[in-house]
There are 2 protein chains.
Amino acid sequence: MNVLPIRIALVDDQKLFRGGLKMILSDRPDFKVVFEADNGKQFFERLAFEPVDVVILDVEMPVMDGIETLEMIRDKHPDIRVIMLTMHDSDRLINHLMQLGANGFLLKDENPEIVRTAVERVGQEGIFFRDYVSKALLKGGRQKPTKPEGYFGPNISEREMEVLALICQEFTSKEIAEKLFISARTVEGHRRSLQDKTGSRNLVGLVLYAVKNGIV
Amino acid sequence: MNVLPIRIALVDDQKLFRGGLKMILSDRPDFKVVFEADNGKQFFERLAFEPVDVVILDVEMPVMDGIETLEMIRDKHPDIRVIMLTMHDSDRLINHLMQLGANGFLLKDENPEIVRTAVERVGQEGIFFRDYVSKALLKGGRQKPTKPEGYFGPNISEREMEVLALICQEFTSKEIAEKLFISARTVEGHRRSLQDKTGSRNLVGLVLYAVKNGIV
DNA sequence: AACAAAGTAGGTAGATTTACCTATTAAAAG
DNA sequence: CTTTTAATAGGTAAATCTACCTACTTTGTT
């Protein structure tokens with residue numbers, strides 16, 4: 001019985017890595033890499049001429065990154081299966097990608113067999129999980145900072161606690177925004193309301209407040 | 001025996017306060033308010049036509065403030081006696097004014113008799129102190145923050161400690177500069193070296209460092 | 001005398017924060 | 001069902017901070 005091969009697209013700006021990936025996949029007769037792209041923009045240009053079943057998509061890319069591309073794929077081509085590829089094993093990132101509708105998640109230092117398995121499963125069953133992914137999903141994607149016991153200050157929301165904790169780790173608003181997948185303006189909003197609630201003039205006051213109240 | 005009256009100039013931007021001062025001084029036949037001015041600039045304009053013995057000089061003024069004026073008086077007219085007037089009882093300020101060569105120091109909420117005594121003494125003996133002034137001078141003008149016992153971090157200079165302590169009180173560089181009577185650029189310089197020494201990315205890191213090491 | 005360190009202060013440029021707005025959406029509370 | 005809250009995000013403008021420089025003076029030390 002003859003089965004149609006799984007048509008695969010590779011999207012990654014690192015050409016060498018892409019080559020390695022192609023090599024690994026070429027072992028399998030039931031896989032066919034139909035095209036490659038340097039970024040999301042190029043991917044969509046080629047997709048117009050070459051339909052695919054599975055996309056292996058790097059998260060970190062210039063021009064149009066993996067997250068942006070994933071969102072557009074889900075919007076325009078809900079039938080395409082997407083495996084996200086990244087160097088960083090972050091619960092927050094995994095959770096976010098899964099919420100955006102990724103079908104699988106792989107670390108870049110995974111061994112070849114796992115990659116093949118991932119493509120196969122995603123092609124057949126529509127989903128592939130590694131243990132760390134399910135762990136991340138179980139944890140709700142992050143270890144949310146919580147108000148310490150016996151805290152009696154002004155009511156600080158969960159999200160504000162998250163932002164406050166990150167501020168105390170010396171991250172700028174922009175960096176915090178990237179970590180939480182929200183706009184920098186939103187982070188500024190949270191920060192503003194934190195300053196209002198704690199009566200601080202600036203970041204320094206906020207940090208001191210956090211220290212006093214055992215948040216850091 | 002007839003004595004020449006002490007010729008007095010009043011320099012304060014608050015006209016009402018100036019009026020009250022004049023009233024208080026007019027009680028004494030041996031005092032003569034020869035002119036008034038809204039700021040240091042006006043003072044020098046009038047001084048050209050009217051020599052004075054004692055100037056009562058407000059610290060806080062627009063255009064040309066009391067400190068600037070005091071410096072110029074010391075430079076151009078070392079014989080003129082200057083009594084500085086302010087609302088704030090700050091050791092640092094008192095010390096700084098005395099270093100600049102003020103002959104006396106008065107708070108704005110002093111009672112009238114003290115004011116008259118101050119003018120008399122300054123006119124006759126060239127100096128007038130209240131108890132809080134001598135205390136301030138004895139303390140060296142400020143309670144310098146010092147490195148806590150058992151501190152083993154990078155070597156932080158006295159001045160840097162002062163700046164760090166003020167940063168932790170939520171003051172901006174400009175405000176710190178005003179308090180320490182140095183340029184904001186200098187404060188930035190100290191801050192920079194503090195960040196270098198403590199390996200902080202920003203203010204937040206600096207504050208956390210201060211907290212960890214018991215400086216606040 | 002030469003050198004190092006601390007304190008001072010300026011220039012320029014860019015990044016970040018702060019201070020005001022407005023506005024939408026979803027969820028919770030009344 | 002209306003109201004409130006939390007979370008989202010955008011605009012504009014000014015203030016502040018950060019990151020590079022350079023330079024001078026004073027003090028203390030080889």
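Chain naming here is simple, since letters A, B, ... match the order of the sequence lines and numbering starts at 1 in each. Just so you know, these numbers use all the heavy atoms, side chains as well, and skip hydrogens, waters and symmetry mates.
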Handout entry: Those residues that, when tested against A:Lys212, pass side-chain contact (heavy atoms from CB on, under 4.5 Å) (two or more places apart)
Key = A:Leu208
Problem - Backbone of B:Glu60 reached by a side-chain donor or acceptor of B:Asp65 within 3.5 Å - result: no
Handout entry: Rounded distance (Å) that lies between atom P of C:dG7 and atom CG of B:Leu164
Key = 13 Å
Practice task
Quickly work out the B:Leu194 CG to D:dC17 P distance and round it to whole Å.
Solution key: 14 Å
Handout entry: Between D:dA15 (P) and B:Glu170 (CD): distance, integer Å
Key = 20 Å
Exercise for the section: Please check the phosphate of C:dA15 (OP1 and OP2 only) for any side-chain N or O of A:Lys174 closer than 4.0 Å. Expected result: no
Fill in the blank from the handout: B:Leu166 atom CG is separated from D:dT16 atom C1', nearest whole Å, by 17 Å
Handout entry: Under 3.5 Å: donor-acceptor pair, side chain of B:Arg7, backbone of B:Asp53
Key = no
Handout entry: Side-chain heavy atoms of B:Ile80 within contact of B:Leu47, under 4.5 Å
Key = yes
Practice task
Classify the nucleic acid contact of B:Ser173 as base, sugar-phosphate or nothing, counting any heavy atom under 4.0 Å across all strands shown.
Solution key: sugar-phosphate
Handout entry: Whether over 12 other heavy atoms sit under 6.0 Å from A:Arg121 CZ
Key = no
Problem - Protein-nucleotide distance (B:Leu206, atom CG; C:dT16, atom C1'), rounded to Å - result: 16 Å
Handout entry: Base versus backbone protein contacts along nucleotides 5-14 of chain D [heavy-atom cut-off under 4.0 Å; B, S, -]
Key = -SSBBBBB--
Problem - Length of the CD-C1' vector between B:Glu175 and D:dC17, whole Å - result: 14 Å
Practice task
Can you tell me the distance, in whole Å, between the CZ atom of B:Arg191 and the P atom of D:dT16?
Solution key: 11 Å
Completion exercise
Whole-Å distance, B:Arg201 CZ to D:dT16 C1', equals 17 Å
Fill in the blank from the handout: A:Thr172 has its side chain closest, among C:dT18, D:dT18, C:dT16, to C:dT16
Exercise for the section: Test B:Arg18 against every option in B:Asp38, B:Asp13, B:Asp12, B:Asp58 by the side chain to side chain donor-acceptor pair (under 3.5 Å) rule and name the one that passes. Expected result: B:Asp38
Problem - Distance-only side-chain donor-acceptor flag, B:Glu160 / B:Ser193, under 3.5 Å - result: yes
